[in-house]
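Here is the structure we will look at.
Along the sequence shown, the residues carry numbers beginning at 1. Counting convention: from 1, in listed order, for ligands and their atoms alike.
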Amino acid sequence: MDNAKIAFFDSKPYDMEVFKTLNEKHGYEIRFYKNHLNIENSILANGFDVVCVFVNDSLDKEMIDILYGYGVKLVALRCAGFNNVDLKAAQGKLRVVRVPAYSPHAVAEYNAALILTLNRKIHRAYYRTRDLNFALSGLMGFDLFGKCAGIIGTGKIGKVLVRILKGFGMEVLLFDKYPDEAFALEAGARYVGLDEIFRGSDIISLNCPLTKETEYMINAATIDMMKKGVMLINTGRGKLINTKDLIEGLKDGKIGSAGLDVYEEEGNYFYEDHSDRLLPDDVLARLLTFNNVIITSHQGFFTREALTNIATTTLDNIKEYFLNPEKEKYPNEVCYKCQ
Ligand code: NAI
């Protein structure tokens, strides 16, 4: 089906550029909408075969029923995570495909960038020297060499990160629900229990998906177990961390620094310019006051290579569906029964 109609939500100029170019060989009719998909604007999907969405477009049961009623057949996620889709509600109504990997290097390198920036306080030094303040007080970091990093989630991104951190000469502890012992052996790292990650790590990095099990895995109790001054990095999903507990940990110095590319309420803010408005979120406002916290708006994936891979796989996923709409399972499909 070459003339499939795609309603593309949360589109940014950079998405449009790469999708338009790569769609030349597919010839799909793509309508780009700037806004997130929400109940009020869901009518925009009426008559489309495919709804193409990103990380902060929420497809709960109500939305799925609406889209199904409009004749939408396929949800094409432009991301790896699918926590924003109610797969149970989608069962038998909409097929859901995603981009399982677009560049683990992009995110893992970004993790490393957050670690280096926070540790050596480059974000603060940058502003100081601009103000002709060349003093070093307050900017002291620590050698990564010989320190211990704990990686929670050793999938595609976690594994690349482990190799990067081993390159710095760090000891690396691993935790995963499904450990890959062969990888650990080859990388010179070792799987341990979560407790040991929390108690033994100087840097903890969250690289697992958001699930019922992992939601708020960083909370007052687990922060209490951590080394004083620990660095916490989260490029996974915001809700892996109970942000209010994190703030308490930062206030009492237990958390030495935090690099957050995701935030539990990010859907209200990230990817948009809010600079001419007041910030109504007091928790985010408090987080932004700490000079040992770096918050970025879910940009870990944002490299040229990753964007190209996202567009290529998304369009291929759509093609795969229309080649055989009755196929039992598509390679990049996510569904309630098969997870
Ligand atoms: P992946 O699916 O390759 O790896 C995830 C790993 O987490 C797997 O090894 C899995 O066994 C493990 N896991 C699952 N449940 C777990 C649990 N309860 N405890 C510990 N480990 C568990 O995924 P990938 O590509 O490495 O991505 C990881 C996460 O990074 C994604 O789920 C997504 O939320 C986030 N992400 C963030 C991006 C950003 O721009 N900040 C971009 C891409 C992904």
Side-chain angles (χ1 to χ4, degrees), residues 10 12 14-15 53-57 77-85 87 98-115 150-165 172-184 187 189 191-198 201 204-219 222 232-241 258-264 266-267 270-271 294-310 313-314 331-334 338-339:
D10 194 14
K12 299 284 181 283
Y14 44 82
D15 295 316
V53 293
F54 198 42
V55 283
N56 291 322
D57 294 298
L77 296 167
R78 308 195 296 279
C79 51
F82 48 89
N83 53 287
N84 51 333
V85 184
L87 291 179
R98 65 170 180 144
V99 184
Y102 30 90
S103 174
H105 300 280
V107 187
E109 288 167 15
Y110 195 77
N111 261 66
L114 286 173
I115 291 171
I151 310 300
I152 301 178
T154 56
K156 291 176 283 297
I157 295 168
K159 283 186 171 119
V160 176
L161 181 62
V162 170
R163 293 200 171 97
I164 293 172
L165 298 180
V172 182
L173 302 178
L174 314 171
F175 178 79
D176 197 289
K177 196 175 170 186
Y178 306 102
D180 181 346
E181 293 291 355
F183 163 77
Y191 281 98
V192 297
L194 257 188
D195 282 21
E196 195 173 337
I197 294 261
F198 292 140
S201 305
I204 295 174
S205 178
L206 306 179
N207 299 102
C208 58
L210 174 64
T211 62
K212 284 202 174 70
E213 257 174 298
T214 59
E215 182 172 328
Y216 288 156
M217 72 188 315
I218 304 299
N219 55 49
T222 54
L232 189 61
I233 303 291
N234 187 11
T235 60
R237 283 290 181 269
K239 270 212 165 143
L240 296 174
I241 298 180
L260 311 172
D261 188 43
V262 285
Y263 167 59
E264 52 179 311
E266 68 178 51
F270 283 17
Y271 300 131
I294 295 178
I295 298 176
T296 54
S297 46
H298 207 139
Q299 68 172 73
F301 74 100
F302 200 49
T303 65
R304 217 175 8 252
E305 292 78 2
L307 266 190
T308 305
N309 291 340
I310 286 172
T313 306
T314 303
N332 293 331
E333 184 169 9
V334 283
C338 53
Q339 293 320 305

Problem - Sole candidate of Asn207, Thr154, Asp180 that passes side chain to side chain donor-acceptor pair (under 3.5 Å) when paired with Lys159 - result: Asp180
Problem - Lys177 with Glu213: basic N within carboxylate O range, under 4.0 Å - result: yes
Between ligand 1 and the protein, which N/O pairs are shorter than 3.5 Å?
{"unit_1": "ligand 1", "atom_1": "3 (O)", "unit_2": "Lys156", "atom_2": "N", "d": "2.9"}
{"unit_1": "ligand 1", "atom_1": "3 (O)", "unit_2": "Lys156", "atom_2": "NZ", "d": "2.8"}
{"unit_1": "ligand 1", "atom_1": "9 (O)", "unit_2": "Gly155", "atom_2": "N", "d": "3.4"}
{"unit_1": "ligand 1", "atom_1": "9 (O)", "unit_2": "Asp176", "atom_2": "OD1", "d": "3.4"}
{"unit_1": "ligand 1", "atom_1": "9 (O)", "unit_2": "Asp176", "atom_2": "OD2", "d": "2.6"}
{"unit_1": "ligand 1", "atom_1": "11 (O)", "unit_2": "Asp176", "atom_2": "OD1", "d": "2.6"}
{"unit_1": "ligand 1", "atom_1": "21 (N)", "unit_2": "Lys177", "atom_2": "N", "d": "3.4"}
{"unit_1": "ligand 1", "atom_1": "26 (O)", "unit_2": "Lys156", "atom_2": "N", "d": "3.2"}
{"unit_1": "ligand 1", "atom_1": "26 (O)", "unit_2": "Ile157", "atom_2": "N", "d": "2.9"}
{"unit_1": "ligand 1", "atom_1": "34 (O)", "unit_2": "Gly236", "atom_2": "O", "d": "3.3"}
{"unit_1": "ligand 1", "atom_1": "34 (O)", "unit_2": "Arg237", "atom_2": "NH1", "d": "3.2"}
{"unit_1": "ligand 1", "atom_1": "40 (O)", "unit_2": "Phe301", "atom_2": "N", "d": "3.0"}
{"unit_1": "ligand 1", "atom_1": "41 (N)", "unit_2": "Thr235", "atom_2": "O", "d": "3.0"}
{"unit_1": "ligand 1", "atom_1": "41 (N)", "unit_2": "Asp261", "atom_2": "OD2", "d": "3.0"}

Handout entry: Intermediate values then yes/no, side chain to side chain donor-acceptor pair (under 3.5 Å), Ser205 and Asn111
Key = CA-CA 8 Å; Ser205 178; Asn111 261 66; 2.6 Å; yes
Exercise for the section: Evaluate the criterion ring-ring contact (aromatic ring centres under 6.0 Å, His included) for residue pair Phe302 and Tyr14; output intermediate values, then yes/no. Expected result: CA-CA 10 Å; Phe302 200 49; Tyr14 44 82; 4.6 Å; yes
Practice task
Could you check Asn309, Asn332, Thr313 and say which one makes a side-chain contact (heavy atoms from CB on, under 4.5 Å) with Val99?
Solution key: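 Filter result, single survivor: Thr313.
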Exercise for the section: Please state whether the rings of Phe54 and His298 are parallel, tilted or perpendicular, taking 30° and 60° as the class boundaries. Expected result: tilted
